[in-house]
**Student:** 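Provided herewith is a single structure, encoded as structure tokens, for subsequent inquiry.
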Amino acid sequence: MEIVKKTLDRISVERIKLELLGTAYGNSTTFIGRLDPRTLLSWYLFFAIVPWFIHNRTILIGMFVLMVGMTVLSRVSSILIFILCLGLAGQVGWMFLFSMLFGGDLTSLLPLLTLTLKLSVISLASIAVFSSMDPEKLSDGLSALGVPDTFSFSLSYGYRILPTLLEEFHQILLSFRLRGRSPDRPGFLYIRVIIYYLRLTVLCFYPLMLNTAKRSRTTVEALETRGFTYGLNNRQVKKMRLSYLKLGMLDLYFIAFSILYIIWLFWFGLKFPSILY
């Protein structure tokens with residue numbers, strides 16, 4: 001009971017909001033954050049697609065080790081890592097449970113672990129890359145790679161407004177708590193408290209969507225007043241906006257290391273295809 005109470009006390013909306021703000025805006029000084037966004041996006045595209053077509057477990061383990069190192073260099077939030085581990089554990093758990101219910105045995109864990117390795121590589125690559133770029137660099141990198149500017153800005157805007165939405169949710173949640181009544185007793189394993197907060201979360205949904213719609217309309221009007229559409233469709237403006245993007249020696253070293261590591265990993269994986277298990 002005491003462990004559950006301490007865990008609930010440490011998990012709060014304010015703490016999650018601070019972690020999101022630190023993830024979105026505080027990692028630009030890391031090694032990964034100093035790289036050109038085009039380098040990071042191209043690197044991520046490889047590790048987001050290629051693992052799906054690889055069944056060699058040695059190669060997948062090598063990619064996983066690389067992703068762990070990249071995640072450490074990116075200084076990813078512990079909350080994001082916890083959510084990732086929880087999701088992967090739940091994914092493997094229910095699939096293994098279903099396999100056991102339909103006549104499977106412990107040998108079904110082997111393909112599930114292979115799938116988990118693939119998901120882990122892709123998820124860690126996503127966390128390492130997108131937590132190392134602020135919304136502006138993300139939008140400019142996508143635009144420089146030829147992605148439509150409207151989509152790039154929309155993705156950047158959604159990425160930037162996420163902490164604001166969490167702040168809005170926090171305020172609505174506090175208003176419901178102020179006008180409502182919490183359970184008199186927590187119940188077994190704090191089940192009454194958990195149900196109470198789940199109910200408040202559902203009630204907060206409609207006011208949050210309404211306030212978000214109002215905020216989005218205000219943002220659109222402000223952008224149009226400043227000539228957003230004209231600047232979006234003007235090539236000279238786009239060229240000036242992307243002029244700071246340059247591939248440096250750090251990018252070249254990073255690309256060279258990644259290519260050499262992948263070449264060595266495929267050679268080693270083909271030679272020892274069943275390492276560890």
Side-chain angles (χ1 to χ4, degrees), residues 23 27 30-78 80-100 102-133 138 141-142 145 147 247-277:
T23 301
N27 287 346
T30 61
F31 168 76
I32 308 299
R34 295 198 300 269
L35 296 173
D36 190 276
R38 295 169 294 181
T39 302
L40 287 176
L41 291 173
S42 302
W43 182 88
Y44 166 71
L45 191 63
F46 175 84
F47 286 100
I49 298 176
V50 172
W52 291 115
F53 303 97
I54 297 177
H55 304 284
N56 187 304
R57 291 186 290 273
T58 302
I59 297 177
L60 291 174
I61 292 174
M63 287 185 174
F64 177 75
V65 172
L66 177 63
M67 293 306 109
V68 171
M70 292 289 293
T71 305
V72 172
L73 292 176
S74 301
R75 300 176 188 173
V76 177
S77 168
S78 57
L80 294 179
I81 299 297
F82 173 75
I83 294 174
L84 171 63
C85 295
L86 189 64
L88 291 175
Q91 180 80 10
V92 175
W94 74 262
M95 293 180 69
F96 178 68
L97 179 62
F98 270 92
S99 67
M100 295 292 289
F102 288 96
D105 52 20
L106 292 178
T107 57
S108 60
L109 275 177
L110 188 60
L112 289 179
L113 289 176
T114 303
L115 176 62
T116 304
L117 274 176
K118 294 182 179 183
L119 294 176
S120 300
V121 170
I122 297 170
S123 301
L124 289 176
S126 304
I127 292 176
V129 169
F130 291 107
S131 65
S132 301
M133 291 188 292
L138 175 61
L142 290 173
L145 291 176
V147 178
L247 293 176
M249 294 301 299
L250 190 63
D251 297 277
L252 297 179
Y253 290 147
F254 178 76
I255 294 173
F257 169 77
S258 300
I259 293 176
L260 292 176
Y261 181 81
I262 291 299
I263 292 174
W264 173 82
L265 184 60
F266 272 84
W267 171 82
F268 186 78
L270 293 175
K271 193 173 182 179
F272 304 98
S274 300
I275 192 174
L276 294 184
Y277 64 88

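What you see is a predicted model; the values in this text were computed from it and never measured.
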**Student:** Listed by chain and number, what are the side chain to side chain donor-acceptor pair (under 3.5 Å) partners of S120, not counting sequence neighbours?
**Tutor:**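 Once residues adjacent in sequence are excluded, S120 has no partner under the side chain to side chain donor-acceptor pair (under 3.5 Å) criterion.
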
**Student:** Which residues pass the side chain to side chain contact (heavy atoms under 4.5 Å, CB included) test with Y253, sequence neighbours left out?
**Tutor:**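 Partners of Y253 by the side chain to side chain contact (heavy atoms under 4.5 Å, CB included) criterion, ordered by chain and then number, come out as M249.
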
**Student:** Just verifying a value: how many Å separate L124 CG and L119 CG, rounded to the nearest 0.5 Å?
**Tutor:**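 It comes to 10.5 Å.
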
**Student:** Measure the spacing between OG1 of T114 and CD1 of I61 and express it to the nearest 0.5 Å.
**Tutor:**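 Result: 8.5 Å between the selected atoms.
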
**Student:** Measuring from R34:CZ to D251:CG, what's the distance to the nearest 0.5 Å?
**Tutor:**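 It comes to 10.5 Å.
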
**Student:** Which pairs would a plain distance check flag for residues 41-49, meaning a side-chain donor or acceptor within less than 3.5 Å of a matching protein atom at least two apart in sequence or in another chain?
**Tutor:**
from: S42; atom 1: OG; to: R38; atom 2: O; distance (Å): 2.8
from: W43; atom 1: NE1; to: S258; atom 2: OG; distance (Å): 3.3
from: Y44; atom 1: OH; to: S126; atom 2: OG; distance (Å): 3.1

**Student:** Nearest 0.5 Å, please: how far is CG in L252 from CG in L247?
**Tutor:**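 Result: 6.5 Å between the selected atoms.
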
**Student:** Listing request: all side-chain hydrogen bond (donor to acceptor under 3.5 Å, both in side chains) pairs with a residue in residues 262-273, at least two apart in sequence or in separate chains.
**Tutor:**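 Passing the test, one end in residues 262-273: no pairs.
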
**Student:** Over all heavy atoms of both residues, which pair between A128 and S74 is shortest? Give the atoms and the distance, please.
**Tutor:**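 Heavy atoms only, the tightest pair is O-OG, 3.2 Å.
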
**Student:** If you apply the rule side chain to side chain contact (heavy atoms under 4.5 Å, CB included), what do you find for I263 with F268, and how did you get there?
**Tutor:** CA-CA 9 Å; I263 292 174; F268 186 78; over 6 Å; no

**Student:** Rounded to the nearest 0.5 Å, how far does CD1 of I255 lie from OG1 of T39?
**Tutor:**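 These two atoms lie 4.5 Å from each other.
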
**Student:** Work out which heavy atom in F64 is nearest to a heavy atom in V121; give both atom names and the distance.
**Tutor:**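 Reported closest heavy-atom pair: N-CG2, 3.6 Å.
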
**Student:** Using 0.5 Å steps for rounding, measure from the CG atom of L265 to the CG atom of L260.
**Tutor:**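 Taking CG in L265 and CG in L260, the distance rounds to 12.5 Å.
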
**Student:** What residues form a side chain to side chain contact (heavy atoms under 4.5 Å, CB included) with I54, not counting sequence neighbours?
**Tutor:**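 Testing I54 for side chain to side chain contact (heavy atoms under 4.5 Å, CB included), a comparison that skips the adjacent residues, returns V50, N56, I59, L60, M63, F266.
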
